[in-house]
S.K.: 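Provided herewith is a single structure, encoded as structure tokens, for subsequent inquiry.
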2 protein chains.
Amino acid sequence: MIIGIVAVGSELMTPFYQDTDSLFITQKLNEFGLEPAFKVVVGDETDKLRMMLELSLEKADLVFVVGGLGPTEDDRTKEVLAEILGKKLIFHPEILAAIAARFEQRGLAMPESNRRQAYVLEGAEILPNKVGTAPGQWIEIDKKKIVLLPGPPRELQPMFNEFVAPRLEGWRRGYLLRRVLKIAGLTESQVEDSLKDLYPHDPDIRVTLLAYPGQIEIHLMSLARNEVLAQEKMAPLLQAFLDRLGDNVFSSEGEELEAVVGQLLRQTKKTLAVAESCTGGLVGHRLTSIAGSSDYFLEGSIVYSNEAKIRTLGIPPELIQQHGAVSYEVARAMAENMRLKSGASFALSTTGIAGPGGGSPAKPVGLVFTGLASEKETEVVRNMFLGGREQIKFQASQKVLDMLRRHLLKISGERG
Amino acid sequence: MIIGIVAVGSELMTPFYQDTDSLFITQKLNEFGLEPAFKVVVGDETDKLRMMLELSLEKADLVFVVGGLGPTEDDRTKEVLAEILGKKLIFHPEILAAIAARFEQRGLAMPESNRRQAYVLEGAEILPNKVGTAPGQWIEIDKKKIVLLPGPPRELQPMFNEFVAPRLEGWRRGYLLRRVLKIAGLTESQVEDSLKDLYPHDPDIRVTLLAYPGQIEIHLMSLARNEVLAQEKMAPLLQAFLDRLGDNVFSSEGEELEAVVGQLLRQTKKTLAVAESCTGGLVGHRLTSIAGSSDYFLEGSIVYSNEAKIRTLGIPPELIQQHGAVSYEVARAMAENMRLKSGASFALSTTGIAGPGGGSPAKPVGLVFTGLASEKETEVVRNMFLGGREQIKFQASQKVLDMLRRHLLKISGERG
């Protein structure tokens, strides 16, 4: 069965609004082992709407048509669909009564335009709208199913759960399980090269790689008759991927790196401070975006100017003079001094050139030193990041958090 | 001319990811008075991809096909398009050389899989990718134009600006002028109520209000034969809006608040330091996301724990004991002490409860004190923000930056 989703609304054809209803519908379909084959987005203009509805009905067996059921003249979905299907629109007094009652309840007079919402396609089953005025419609014609749904998520979602989902039970194909592995410290092609001989040829197990600056994600999906079987089907592949990638995988349950680091700090009962130059507060911001981070995150210093590095962290001026603020030596001193000053178990440091200005042949834009000081040792890495200022800052924050993650894994392994 | 946008990627058929590239493309098209007639979203599977590409090519005269150009086996856009068009894929050694050079620059060996990206459709013009490996392609066939673009926005956007936009000049239908007014310190309904009698009835001038936590945006669009006429059409409305909203508008050219604050600091030759508790580094991160911010941003202290507040900023322990860390008094002391310690002209402070835990009836989640210390005075505001942890952090950073913006406007007005 081919499933299509058509989102209707002129606002969706502007740079400002996105169709989000299809994400919800997809999630619900997945629970039945179903997936949409395509999505279409189109405005309310009759000619374009007719063109895209015709195409979608031609290609799909089950089409969700979302939006364009409002009371105003620019909402044309029902009328266009009636034309395409050669069906009449039938007036339902009981729908009008329900709409009028909603207005009355709020002490308002029902505007005349809302009468339009009491018309339903000939032969359609009505899907009641308990939180709005536009009813949904379930239409079966020539073995095709068409489901008309209102656009506002607060109306669509309860209607889907109560009236659409039960009707999908007959097409249940099983259970679609998803897992996401997140990876730091490898490039997309390194991940690809290390895994590609493992890629499954089973159409019911799928692997998708997504690359972001500083982070690669592997999306695994497995489809089976039920959840247990879907897990069994995925398990060997998941394990093989984890074996190959080892500690490069920082999360397999969707958590962000800052959450994983926080969890490890909590488990090992360690505390953290950060000394940030080029990341300018981003490392602290990421760490403190996790609820409860005050349990392990003590303090940060954003030592952006050289004077701040000297005054606040006690970096010797000679060190900056001799090696420059962007150097292995300064990154090391920042991490070490921050750790001593804060009394934290660990301190992280970043110093680099985020650009677009400030680069030189010897120290180009993207050069970042990241440091990690612990009681026993200090580790400093020289990195070359590509991208704009935001990407360089993000990659630097990712790198320094990942250094700490790997260190925490090592020490918790040693103890375990 | 009918324009279609096809976004390709299996991740876009999941509940987790949305096509955002089409928003950018739409915005660029609007600048030429052009609009997409439809959007299609489809996964990487060959049969579905072929079906939707065929349909889109049949219905549209100009089709943007975005994504599926990566080095990995699951990226099939080029191959499927070649099949549909009956064209060969031609190997371009100069593209391979450029890809290899990118890897070399980062000190990495190019994985074998990246070779695939050096193949281009027969007869296609190559659109160079200056920030990634997948080149774009411009294909003209049977009076249709097909534009293949890489999915990552940081690659697509500069490629579109440099190589696609100039090629659209010939289809210009006029000029769609956009202006965005960004507002801090008012709610959506306050903005709506103060402007609604000014809303235009001309279909070629449109006003859209968008509300975000801590920021309201007014998007104005005017369509006319050329840029000058579009400006003339918009000017009276724009001026009326600005007159009504006054200093609540912080930007009318699209700049972010941190950029506006940075510009004012630069103009007034002032410097800044920040003392952050609940924002955890976000204020520093936002300020340092602006290129050249080292000219005015000196230093930040992320004093997350009470000990850090006492030790690093010299907040008297009695003050915390008496009033709590989240208090008017501590926000004031944080800003004042940070200013003295750093030697900056101004210091900002934040202390609050970002949640979800840590709230109490007296000090609920969302309570944030924001402070601004200058040589002459210290201002502290008590705020109650709604939303989750991220929204509360963002609104706190927005508020404290806006306090500084208004202060800088006042002093530059007094001097001017």
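All chains are named by letter (A, B, ...) in the order of the sequence lines, taking the proteins before the strands, and each is independently numbered beginning at 1. Quick caveat: nothing in here was measured; it's all calculated off a predicted structure.
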S.K.: Return the option, out of Glu35(A), Gln27(A), Glu307(A), Gln391(A), with the maximum number of heavy-atom pairs under 4.5 Å with chain B.
M.R.: Gln27(A)

S.K.: Do Leu386(A) and Gln105(B) have side-chain heavy atoms sitting under 4.5 Å apart?
M.R.: yes

S.K.: For chain B, find which of Phe24(A), Tyr199(A), Tyr212(A), Phe385(A) contributes the most heavy-atom pairs closer than 4.5 angstrom.
M.R.: Tyr212(A)

S.K.: Taking C-beta and beyond as the side chain, do Ser10(B) and Met221(A) meet within less than 4.5 Å on heavy atoms?
M.R.: no

S.K.: Taking the six-membered ring for Trp, are His219(A) and Phe16(B) parallel (under 30°), tilted (30 to 60°) or perpendicular (over 60°)?
M.R.: tilted

S.K.: Can you tell me how far apart CD1 (Ile302(A)) and CG (Leu287(B)) are? Round to the nearest 0.5 Å.
M.R.: 8.5 Å

S.K.: Please identify, among Met384(A), Glu58(A), Met52(A), the residue contributing the most non-hydrogen atom pairs under 4.5 Å to chain B.
M.R.: Met52(A)

S.K.: Hey, what do you get for CD (Glu54(A)) to CG (Leu55(B)), rounding to the nearest 0.5 Å?
M.R.: 12.0 Å

S.K.: Between chain B and each of Thr312(A), Thr14(A), Asn383(A), Leu176(A), count heavy-atom pairs under 4.5 Å; write down the option with the most.
M.R.: Thr312(A)

S.K.: Of all of Val42(A), Ile290(A), Asn30(A), which one pairs up most often with chain B through heavy atoms under 4.5 Å apart?
M.R.: Ile290(A)

S.K.: What residue in Gly387(A), Gly357(A), Ser293(A), Ala354(A) has the most heavy-atom pairs under 4.5 Å with chain B?
M.R.: Ser293(A)

S.K.: Against chain B, label Ser397(A) side chain, backbone, both or neither, depending on which of its atoms sit under 4.5 Å from a heavy atom there.
M.R.: neither

S.K.: Can you measure from OG1 (Thr288(A)) to CZ (Arg389(B)) and round to the nearest 0.5 angstrom?
M.R.: 6.5 Å

S.K.: Would you say the side chain of Thr208(A) lies within less than 4.5 Å of the side chain of Asp74(B), judging by non-hydrogen atoms?
M.R.: yes

S.K.: Please report the interatomic distance CG(Asp19(B)) to CD(Gln18(A)), rounded to the nearest 0.5 Å.
M.R.: 6.5 Å

S.K.: Nearest 0.5 angstrom please: Leu298(B) CG to Asn306(A) CG, how far?
M.R.: 11.5 Å

S.K.: Let me confirm one number: the OH-CG distance from Tyr304(B) to Asp295(A), rounded to the nearest 0.5 Å.
M.R.: 10.0 Å

S.K.: Could you check whether Glu390(A) pairs with Arg154(B) (Lys NZ or Arg NE/NH1/NH2 to Asp/Glu carboxylate O, under 4.0 Å)?
M.R.: no

S.K.: For Arg102(B), enumerate each residue passing the salt bridge (charged side-chain N to carboxylate O under 4.0 Å, His left out) test, keeping only those at least two apart in sequence or located in another chain.
M.R.: none

S.K.: Sequence neighbours excluded, which residues qualify as side-chain contact (heavy atoms from CB on, under 4.5 Å) partners of Met13(B)?
M.R.: Pro36(A), Lys39(A), Val41(B)

